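Worksheet: the structure to be examined is printed underneath.
As the structure is a prediction and not an experimental result, all values here were calculated from the model.
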Amino acid sequence: MEYKFRRLEAKDVFPMSRIITKIGFKEFKEAFADENVQKNISSKKSANAIGMAVMLNIAGIVIGNLSKCETDLYEFFASVTDLSAGEIKEAPLADFTNMIVDLVEHDDFKDFLKVVSKLLK
């Protein structure tokens with residue numbers, strides 16, 4: 001499935017915020033405070049071990065909450081690509097997953113997350 005993301009604009013912050021809230025962005029902060037993560041930090045485990053523990057926590061948060069924003073995701077992707085929500089909904093699983101990864105790696109999205117992450121400090 002081919003698609004192209006347009007440049008993200010100010011109007012995109014509202015649907016992105018709804019999606020991120022439903023996925024559990026607030027819970028991401030708690031992923032770092034998890035007992036296993038803190039134990040790895042205290043015992044001076046490698047950065048890889050600490051990173052893996054955090055990523056497992058975050059993956060659990062995302063997977064556990066993804067169904068809460070299914071329709072929002074289809075509509076958002078349709079609004080930022082040249083595909084319809086129906087085409088996205090019917091996309092092969094690997095293509096849809098790649099679309100999520102591509103969005104997260106999109107420079108405009110990274111910039112958005114950097115700014116929003118300042119609120120967690």
Side-chain angles (χ1 to χ4, degrees):
M1 175 174 78
E2 292 187 30
Y3 55 88
K4 182 176 176 155
F5 282 109
R6 65 166 169 75
R7 188 172 198 297
L8 299 180
E9 302 167 343
K11 67 182 179 183
D12 298 317
V13 75
F14 305 104
M16 286 192 317
S17 296
R18 273 193 309 275
I19 291 167
I20 290 169
T21 297
K22 288 180 181 180
I23 286 177
F25 192 71
K26 246 179 155 177
E27 296 173 47
F28 285 5
K29 187 174 183 178
E30 295 169 17
F32 291 90
D34 177 78
E35 183 180 326
N36 288 330
V37 172
Q38 292 304 312
K39 189 187 300 183
N40 283 338
I41 292 170
S42 298
S43 65
K44 300 187 181 186
K45 292 273 185 176
S46 72
N48 286 342
I50 295 166
M52 182 59 76
V54 170
M55 288 309 296
L56 286 172
N57 289 342
I58 290 174
I61 292 165
V62 170
I63 291 168
N65 294 313
L66 201 56
S67 64
K68 294 177 183 177
C69 58
E70 178 182 0
T71 302
D72 295 308
L73 280 171
Y74 297 145
E75 291 173 1
F76 178 71
F77 280 125
S79 76
V80 297
T81 67
D82 51 354
L83 300 173
S84 71
E87 289 173 308
I88 295 166
K89 185 177 183 176
E90 300 299 322
L93 182 59
D95 289 347
F96 182 69
T97 306
N98 280 327
M99 186 177 262
I100 294 171
V101 170
D102 290 345
L103 176 68
V104 171
E105 292 177 346
H106 193 284
D107 287 338
D108 293 341
F109 189 76
K110 287 179 186 176
D111 291 343
F112 168 74
L113 287 181
K114 282 179 192 172
V115 173
V116 171
S117 69
K118 291 178 184 177
L119 298 174
L120 296 176
K121 293 181 180 179

Looking at CG of Asp72 and CE of Met16, how far apart are the two atoms once the value is rounded to the nearest 0.5 Å?
->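 The CG atom of Asp72 sits 13.0 Å away from the CE atom of Met16.
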Out of curiosity, Ser79 OG to Asp12 CG, how far, rounded to the nearest 0.5 Å?
->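 The CG atom of Asp12 is 5.5 Å from OG of Ser79, to the nearest 0.5 Å.
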Nearest non-hydrogen partners of [X] and [Y], listed with the distance:
X	Y	answer
Ile23	Cys69	CG1-SG, 3.7 Å
His106	Arg6	NE2-O, 3.7 Å
Leu83	Met1	CD1-SD, 3.8 Å

Hey, are the side chains of [X] and [Y] touching, using non-hydrogen atoms and a 4.5 Å cut-off?
X	Y	value
Asp102	Tyr3	yes
Leu73	Ile88	no
Phe76	Leu103	yes

Atom CD of Glu9: over 12 foreign heavy atoms under 6.0 Å |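 Yes, because the 6.0 Å sphere around CD of Glu9 holds more than 12 heavy atoms from other groups.
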Kindly determine whether Val80 and Phe109 satisfy side chain to side chain contact (heavy atoms under 4.5 Å, CB included), including the steps that lead there.
-> CA-CA 12 Å; Val80 297; Phe109 189 76; over 6 Å; no
Could I get the full list of salt bridge (Lys or Arg N to Asp or Glu O under 4.0 Å) partners for Lys4, not counting sequence neighbours?
->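 Salt bridge (Lys or Arg N to Asp or Glu O under 4.0 Å) list for Lys4, sorted by chain: empty.
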[X], [Y]: one ILVMFWY side-chain cluster at the under-4.5 Å cut-off?
X	Y	value
Ile19	Phe14	yes
Tyr74	Val101	no
Val62	Val104	yes

side-chain contact (heavy atoms from CB on, under 4.5 Å) partners of Lys68, counting only residues at least two apart |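 For Lys68 the side-chain contact (heavy atoms from CB on, under 4.5 Å) partners, ignoring immediate neighbours, are Lys22, Asn65.
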Name the orientation class of the two ring planes belonging to Phe5 and Phe77 (parallel below 30°, tilted from 30 to 60°, perpendicular beyond 60°).
->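 Ring orientation, 0 to 90° scale: tilted.
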Only pairs at least two apart or in different chains count here, so list each side-chain hydrogen bond (donor to acceptor under 3.5 Å, both in side chains) that has a residue in residues 80-95.
->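 Counting only pairs at least two positions apart or across chains, the side-chain hydrogen bond (donor to acceptor under 3.5 Å, both in side chains) contacts touching residues 80-95 are Ser84-Glu87.
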